[in-house]
Amino acid sequence: QVQLVESGGGLVQAGGSLRLSCTASGSIFRINDMGWYRQAPGRQRELVAVITSGGNTNYGDSVKGRFTISRDNAKNTVLLQMNTLKPEDTNVYYCNAIVTTNSGSMITSNYWGQGTRVTVSS
């Protein structure tokens, strides 16, 4: 199995910055795409940013120009630099990774972290 552990969430004032980190561990053969999503109560989970194994990125419209996603393949880690934070960014942020494992057979699955809370005060 694969575990995703997030860190870096917290409380900041509007206009401030935070940096989220997510590290994958377990019986990893290969990590494909990695990304961040967020979900508010009563709403569907929405894309924040994704990055491919080759470094190509895609951002949700609401964060484009303010957030930057990157990855460190040697550490199985994805980072999200969040600048110019707004109260509307307050949410629980979930790390996501598409991972191929080899426990007798090759299986590619979609894994999720437990979530880290970001609170932006006005």
Side-chain angles (χ1 to χ4, degrees):
Q1 275 290 326
V2 174
Q3 296 80 43
L4 304 180
V5 179
E6 302 110 326
S7 64
L11 172 65
V12 297
Q13 292 185 340
S17 298
L18 283 174
R19 191 182 195 187
L20 305 184
S21 177
C22 172
T23 298
S25 62
S27 57
I28 299 171
F29 178 79
R30 179 178 62 249
I31 302 179
N32 300 296
D33 295 354
M34 303 187 78
W36 292 91
Y37 295 76
R38 63 190 185 186
Q39 186 172 20
R43 299 186 62 181
Q44 295 183 350
R45 192 165 296 184
E46 65 176 345
L47 169 71
V48 178
V50 294
I51 183 168
T52 70
S53 60
N56 294 318
T57 59
N58 189 31
Y59 296 91
D61 290 339
S62 63
V63 307
K64 193 172 299 182
R66 299 187 297 121
F67 293 7
T68 302
I69 190 170
S70 61
R71 64 191 288 167
D72 186 337
N73 292 325
K75 298 180 179 179
N76 293 331
T77 295
V78 61
L79 304 172
L80 184 68
Q81 179 67 46
M82 304 186 295
N83 297 326
T84 319
L85 283 162
K86 305 175 180 179
E88 306 93 271
D89 296 318
T90 296
N91 220 316
V92 177
Y93 287 71
Y94 296 90
C95 179
N96 171 255
I98 300 175
V99 181
T100 300
T101 58
N102 187 8
S103 299
S105 61
M106 302 288 285
I107 301 176
T108 300
S109 299
N110 196 356
Y111 292 90
W112 294 93
Q114 78 288 340
T116 185
R117 177 171 294 277
V118 171
T119 302
V120 184
S121 62
S122 59

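- Dense packing is recorded around CG of N110, with more than 12 heavy atoms of other residues, nucleotides or ligands lying under 6.0 Å away.
- Under the side chain to side chain donor-acceptor pair (under 3.5 Å) criterion, N83 pairs with S17, Q81, sequence neighbours left out.
- Note on residues 72-87: no pairs pass salt bridge (charged side-chain N to carboxylate O under 4.0 Å, His left out), not counting sequence neighbours.
- With side-chain heavy atoms closer than 4.5 Å counting as contact, directly or through intermediates, the hydrophobic cluster containing V48 also holds V2, L4, V12, L18, L20, I28, I31, M34, W36, I51, Y59, V63, F67, I69, V78, L80, M82, L85, Y93, V99, Y111, V118, V120.
- Of all heavy-atom pairs spanning N91 and A40, the tightest one is OD1-N, 3.2 Å.
- Under the side chain to side chain donor-acceptor pair (under 3.5 Å) criterion, N102 pairs with no residue, sequence neighbours left out.
- Each disulfide bond (SG atoms under 2.5 Å apart) pair with one or both residues in residues 4-108, not counting sequence neighbours, appears once here: C22-C95.
- Scanning all heavy atoms of the two residues, the minimum distance from S103 to S27 falls at OG-OG, 3.8 Å.
- Not counting sequence neighbours, N76 has no partner by the side chain to side chain donor-acceptor pair (under 3.5 Å) test.
- Remark: R45 pairs with no residue by the salt bridge (Lys or Arg N to Asp or Glu O under 4.0 Å) rule, at least two apart or across chains.
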Please assess T100 against I107 for the test side chain to side chain contact (heavy atoms under 4.5 Å, CB included), listing each intermediate value before the final yes or no. CA-CA 5 Å; T100 300; I107 301 176; over 6 Å; no
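- The hydrophobic cluster containing L79, built from Ile/Leu/Val/Met/Phe/Trp/Tyr side-chain heavy atoms closer than 4.5 Å, comprises no other residue.
- A donor and an acceptor atom, one from each side chain of R38 and T90, are nowhere located under 3.5 Å apart.
- Taking Ile, Leu, Val, Met, Phe, Trp and Tyr as hydrophobic and joining them when side-chain heavy atoms fall under 4.5 Å apart, one finds M106 in a cluster with F29.
- Partners of R19 under the side chain to side chain donor-acceptor pair (under 3.5 Å) rule, at least two apart in sequence or in another chain, do not exist in this structure.
- With sequence neighbours excluded, no residue forms a salt bridge (Lys or Arg N to Asp or Glu O under 4.0 Å) with R71.
- With sequence neighbours excluded, no residue satisfies salt bridge (Lys or Arg N to Asp or Glu O under 4.0 Å) with D33.
- Rounding to the nearest 0.5 Å places CD1 of I98 at 11.0 Å from CZ of R30.
- A 4.5 Å side-chain heavy-atom check between T101 and T108 finds every atom pair outside the cut-off.
- Checking Q114 against E6 by side-chain atom types alone, a donor-acceptor pair falls below 3.5 Å.
- In this structure, OH on Y37 lies 14.0 Å from OH on Y94, to the nearest 0.5 angstrom.
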